[in-house]
Amino acid sequence: MGVATVAERKVSLEAEHLEDIRLAASKMTGARRRAFQAEMALKYCSGSARRAEEVFGWSRQAVQLGLHEKRTGIICLGLHAFCCGAKLWETKHPEVAQALWELAESHAQQDPTFRTTLSFTRLTAEEAIKQLRAQGFADDVLPSRSGMSRVLNRNGYRLRPVLRAKPQKKVPETDAIFANIRERDRDSQDEAVMRLSMDCKATVKIGDYSRGGKTRGDHRAADHDMGCEEKHTPFGVVNEDSGSLHLSFGSSAKTSDFIIDSLYAWWERQAPEERARVTHLQIKADNGPESNGRRTQFLKRMVQFADHIGRSIRLLYYPPYHSKYNPVERCWGILEKHWNGAKLTDTQMMLEWAKTMTWKGVHPVVELSRTVYEKGVTVAKEAMQAVESRLERHPLLPKWDILIRPVGTV
């Protein structure tokens with residue numbers, strides 16, 4: 001069959017179809033309308049702005065501009081769109097907005113179901129205004145309480161589902177632990193301090209399993225675990241300042257040794273100039289059994305890691321039932337949302353899906369570990385005394401704030 005001519009293609013569009021296309025274009029404005037016109041010109045007019053003008057009655061210049069925007073990816077703004085309209089509060093007051101984002105981040109948690117990328121926060125609009133005022137910002141640059149709610153909601157911090165932010169339990173030290181983390185964050189503004197967040201995600205099953213969304217391509221998927229033979233445990237390290245993310249997928253048990261070996265792999269991936277700049281690591285972790293402040297094997301390996309890299313390490317722990325406030329949890333939410341609906345039929349597909357996700361516009365570094373780890377490894381009391389002598393525990397929060405200095409430093 002030969003290729004249809006332009007005239008035949010124009011004739012194939014019936015009158016009601018032409019009217020529908022013109023009506024759709026009339027409901028749009030600006031760059032969105034030009035993009036639609038360019039698509040129709042490419043589909044029905046061989047990409048000719050002149051023919052689109054004849055067929056649809058659109059401005060030839062507008063269609064041509066839409067074709068240029070589609071080809072280059074550069075969107076042209078009209079003078080009215082560029083200069084008119086009220087600016088957003090965060091645009092008019094960037095310094096205050098930055099302080100607000102840091103404040104909201106310290107109170108934010110990932111949606112525990114990982115089904116959305118929203119961050120729920122314990123911070124109320126009234127409390128946000130109060131704390132910004134305490135930081136020295138004048139009332140004339142702060143929005144009203146309702147305005148603060150809109151600002152936070154607009155930027156991804158949901159205030160309405162407050163009940164979701166309530167933990168199941170709360171230890172007496174919870175408020176002091178969060179206050180200590182915020183204080184350490186303020187003290188770590190120096191460029192020589194690298195702020196990290198690390199954690200393990202729930203085990204990923206390999207196979208034709210439904211992942212809670214619409215399966216891409218083949219719609220047949222198993223909704224029950226029929227005896228999964230291959231599983232992988234993701235471990236993530238995220239740089240809170242740069243947004244760089246390192247993912248290690250372990251095929252063995254989730255142990256302290258797996259976590260520390262993944263930290264070694266992360267450090268080796270750092271650029272030489274980055275390692276030379278950093279003199280101190282601040283690592284936030286949850287209170288899990290493999291990495292808490294009393295886990296002997298973890299503390300022993302962490303001391304060895306500090307000696308290996310020659311940098312001081314400060315471990316900051318979140319209280320029980322509050323691990324969802326750990327910043328790396330939001331990376332897990334992005335990953336779960338990214339591959340939701342994909343059938344991870346083999347290990348390579350799992351790794352490729354993980355590589356294509358982005359966190360703050362950056363693709364993660366993804367590695368696979370085939371090392372077999374033994375469970376239940378502990379350190380004897382005599383050997384642990386030497387390890388404990390290297391730990392500088394916070395006098396009031398000994399389990400939640402631990403400083404490790406490399407050998408040979410005071």
Side-chain angles (χ1 to χ4, degrees), residues 31-32 35 69-77 82 87-91 93-111 114-121 151-158 185 188-189 191 193-199 201 204 213 216 234-249 262 265-275 277-278 281-284 324-342 349-367:
R32 186 179 178 187
E69 290 176 332
K70 181 177 178 60
R71 186 182 69 256
T72 63
I74 301 174
I75 305 300
C76 298
L77 293 178
F82 181 75
K87 294 183 178 180
L88 297 176
W89 175 85
E90 52 267 38
T91 303
H93 307 287
E95 294 183 1
V96 190
Q98 183 60 36
L100 176 61
W101 307 151
E102 294 176 0
L103 188 62
E105 277 292 313
S106 65
H107 291 80
Q109 69 171 61
Q110 169 62 37
D111 177 9
F114 292 134
R115 293 176 181 173
T116 70
T117 57
L118 301 179
S119 297
F120 300 106
T121 181
V151 169
L152 289 170
N153 287 335
R154 185 167 59 234
N155 289 274
Y157 299 100
R158 301 304 185 198
D185 277 337
S188 300
Q189 300 300 320
E191 292 185 356
V193 180
M194 182 180 290
R195 298 188 305 140
L196 306 174
S197 172
M198 70 177 190
D199 191 21
K201 187 184 179 295
V204 178
R216 300 173 175 88
F235 171 79
V237 181
V238 63
N239 187 318
E240 295 187 45
D241 298 314
S242 68
S244 61
L245 175 63
H246 185 279
L247 299 179
S248 295
F249 287 83
S262 300
W266 163 82
W267 179 255
E268 294 303 322
R269 285 276 190 170
Q270 302 305 300
E273 57 272 14
E274 184 73 9
R275 285 187 282 182
R277 177 184 64 84
V278 174
L281 299 182
Q282 176 182 288
I283 303 178
K284 294 175 183 173
K324 51 186 171 286
Y325 291 99
N326 200 356
V328 74
E329 291 288 341
R330 267 151 268 167
C331 300
W332 298 137
I334 295 292
L335 177 60
E336 192 65 33
K337 191 73 173 177
H338 176 66
W339 66 22
N340 185 27
M349 181 171 291
M350 175 192 68
L351 297 177
E352 292 302 322
W353 271 104
K355 290 177 182 177
T356 56
M357 73 163 279
T358 57
W359 171 251
K360 294 188 176 180
V362 181
H363 292 287
V365 175
V366 180
E367 294 183 341

**Study point:** side chain to side chain donor-acceptor pair (under 3.5 Å) involving Arg269 - partner list, sequence neighbours excluded
**Key:** Glu367

Exercise for review: List in chain and number order the residues that pass side chain to side chain donor-acceptor pair (under 3.5 Å) with Ser197, two or more places apart in sequence or in another chain; answer none if no residue qualifies.
Suggested key: Asn326

Revision key, fill the gap. Nearest heavy-atom contact between Phe235 and Ser262 is CD2-CB, 3.3 Å

Check your understanding: Just by distance, do the side chain of Gln282 and the backbone of Val193 share a donor-acceptor pair under 3.5 Å?
Key -> no

Check your understanding: Looking only at atom types and distance, does a side-chain atom of His338 sit under 3.5 Å from a main-chain N or O of Trp353, one as donor and one as acceptor?
Key -> yes

Within-4.5 Å side-chain heavy-atom neighbours: [X] and [Y]:
X: Val362; Y: Leu245; result: no
X: Trp332; Y: Leu247; result: yes
X: Trp359; Y: Ser244; result: no
X: Val328; Y: Val237; result: no
X: Met350; Y: Val204; result: yes
X: Val365; Y: Trp266; result: no
X: Arg275; Y: Glu268; result: yes
X: His246; Y: Pro364; result: no

Practice item. In sequence, state the C-alpha distance, the side-chain angles, and the governing distance for Leu196 and Val238, and then conclude on side-chain contact (heavy atoms from CB on, under 4.5 Å). Key: CA-CA 6 Å; Leu196 306 174; Val238 63; over 6 Å; no

Exercise for review: Tell me, please, which residues at least two apart from Thr358 pass side chain to side chain contact (heavy atoms under 4.5 Å, CB included).
Suggested key: His363

Between [atom1] on residue [X] and [atom2] on residue [Y], distance to nearest 0.5 Å:
X: Glu240; Y: Ile283; atom1: CD; atom2: CD1; answer: 11.0 Å
X: Leu281; Y: Met198; atom1: CG; atom2: CE; answer: 11.0 Å
X: Lys360; Y: Arg330; atom1: NZ; atom2: CZ; answer: 8.5 Å
X: Cys331; Y: Met357; atom1: SG; atom2: CE; answer: 6.0 Å
X: Asn239; Y: Met194; atom1: CG; atom2: CE; answer: 5.0 Å

**Study point:** Side-chain ion pair, Glu90 and Arg154, N-O less than 4.0 Å
**Key:** yes

Review point. With a 4.0 Å cut-off, would you call Asp185 and Lys284 a salt bridge?
Key: yes

Practice item. Report the C-alpha distance between Lys201 and Glu329 in whole Å, list the side-chain angles of each, state the deciding distance to 0.1 Å, and finish with yes or no for salt bridge (charged side-chain N to carboxylate O under 4.0 Å, His left out). Key: CA-CA 8 Å; Lys201 187 184 179 295; Glu329 291 288 341; over 6 Å; no

